[in-house]
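Every value quoted in this text rests on a predicted model; they were computed, and no experiment measured them.
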Amino acid sequence: MANAIELAKSYVPLLDEVYAREVLTSDLDGAPELVQQGANANELIIPMMDMQGLADYSRNSGYVQGDVTLKNETVKCNFDRGRMFWVDSMDDLETAGIAFGRLAAEFIRTKVGPEIDAFRFATYCSKTGIGKKEETLADGAAVVAALRAATTAMDEDEVSEGDRYLYITPTLYGMISDLDTTKSREILTGFAKIVKVPQKRFHTAINQLSGGTGEEAGGYKKADGASDLNFVIVHKPAVIQYHKHAAPKIVTPDANQDGDAYKYGYRLVSIADLYANKLAGVYASYKPVAGG
């Protein structure tokens, strides 16, 4: 049985690689060396810095003493989801390992990635104080104009031009690409990265399904009254985004009291939030509510 466990555990690093490739918002993850585990399983400790501004300089007494406060603040994760899968013991050890690897990769690609992205976009766009505008963008010129308005608003709010990530639907990105002149597409050169996000994971609000009675399929859906997003610009330093993967829980058939099968559990605990003093670092363009 030890061989089965070790074989399955060998897929854990591959799961992290799949996460980075399939979760479109993974570029916004904070540096792991800056975060610590909290006292409880759903808590993280992150550093917060505050400082005073300039003061008058005196030729007699010199500088006015200033204070810098660096403290560690405990934040609670707001994403805690998981599933348990079975692989029948009739498969030999090698096949069980391959089955687990394929199952895990497909699960992250088709279920985990879309949901964590949808959750993050909805969470950031629901914050009071971010830049946002309801608008219908009918052609490439309208998209370019909307992007210029968004970047200008962020410039006026003194958001640094570096580390701005543009998340945009493939449809709207295609409209810009179809414009005749390079000058019309120049707005796209000002972003650290442009990521095309399928509309299915791009809403102002979602409902996460429990997996219980009536919601057995799990996953998520667009919330009633929510809008589809056109694009979102995110300044990475504005985001509190960390995740931690619990290593897959592996139960052998001998220890499985419910059936003759290997059990592989997957759980993702994460936080998606914005710093209160950096709300201007997110700008969302969204469509009018359908039928509204």
CA sep, side-chain torsions, deciding dist, call: L188, L147, side-chain contact (heavy atoms from CB on, under 4.5 Å): CA-CA 9 Å; L188 299 178; L147 286 171; 4.1 Å; yes
Donor on one side chain, acceptor on other, D228 and H203, under 3.5 Å: yes
Minimum side-chain heavy-atom gap Y165-I233 below 4.5 Å: no
D117 side chain to L24 backbone, donor-acceptor under 3.5 Å: yes
Heavy-atom closest contact (G218 atom, L209 atom, distance): O-CD1, 3.3 Å
More than 12 heavy atoms from other groups under 6.0 Å of CD on E158: no
Modelled atom types, side-chain donor and acceptor of Q199 and K222, under 3.5 Å: no
K196 NZ: over 12 foreign heavy atoms closer than 6.0 Å: no
Pairwise distance OH(Y283) to SG(C125) - rounded to 0.5 angstrom: 11.5 Å
From H235 atom NE2 to D163 atom CG, the distance as rounded to the nearest 0.5 Å: 5.5 Å
Minimum side-chain heavy-atom gap T204-L229 below 4.5 Å: yes
Candidate pair V197 and T169, rule side-chain contact (heavy atoms from CB on, under 4.5 Å), full reasoning: CA-CA 5 Å; V197 183; T169 66; 5.9 Å; no
Inter-residue atom distance L166.CG - I194.CD1, 0.5 Å rounding: 5.5 Å
Derivation of the side-chain contact (heavy atoms from CB on, under 4.5 Å) call for K127 and D273: CA-CA 9 Å; K127 290 290 185 180; D273 206 347; 2.8 Å; yes
Carboxylate-amine/guanidinium contact K193 D27, below 4.0 Å: yes
Shared hydrophobic cluster, I176 / F231 (ILVMFWY, side-chain heavy atoms < 4.5 Å): yes
Under-4.0 Å salt bridge between R164 and D155: yes
More than 12 heavy atoms from other groups under 6.0 Å of NZ on K221: no
Beyond-backbone contact of V234 with K236, side-chain heavy atoms, under 4.5 angstrom: no
Over all atoms of both residues, closest heavy-atom pair of Y266 and V112: CE2-CG2, 3.7 Å
Heavy-atom check, side chain of S285 versus side chain of I168, under 4.5 Å: no
V239 vs Y124 side-chain heavy atoms within contact, under 4.5 Å: yes
Atom pair CG/CD1 of L179 and I187 - distance to nearest 0.5 Å: 12.0 Å
Taking every non-hydrogen atom, the tightest pair across P288 and S227: C-OG, 4.3 Å
Whether over 12 other heavy atoms sit under 6.0 Å from E134 CD: yes
Hydrophobic cluster identity match, F202 and F79, side-chain contacts under 4.5 Å: no
is_close_aromatic(F121, Y167), centroid dist under 6.0 Å: yes
Flag for S210-E215: side-chain donor and acceptor within less than 3.5 Å: yes
Single-linkage hydrophobic cluster I271~L279, side-chain heavy atoms < 4.5 angstrom: no
Side-chain heavy atoms of R120 within contact of S270, under 4.5 Å: yes
Side-chain heavy-atom pair P114, Y220 within 4.5 angstrom cut-off: yes
Exercise: identify the closest heavy-atom pair between E22 and R201: O-NH1, 3.6 Å
Note, N230 side chain near K133 side chain (heavy atom, < 4.5 Å): no
Hphob cluster co-occupancy, I130 + M154, side-chain heavy atoms under 4.5 angstrom: no
Neighbour count above 12 (heavy atom, 6.0 Å) for Y173 OH: no
From CG (L137) to CE (M175), nearest 0.5 Å: 8.0 Å
Same apolar cluster: V232 and F191, side chain cutoff 4.5 Å: no
Within 45° cone and under 6.0 Å: K111 NZ/CZ vs F107 ring: no
Electrostatic pair R81-E115, nearest N-O below 4.0 angstrom: yes
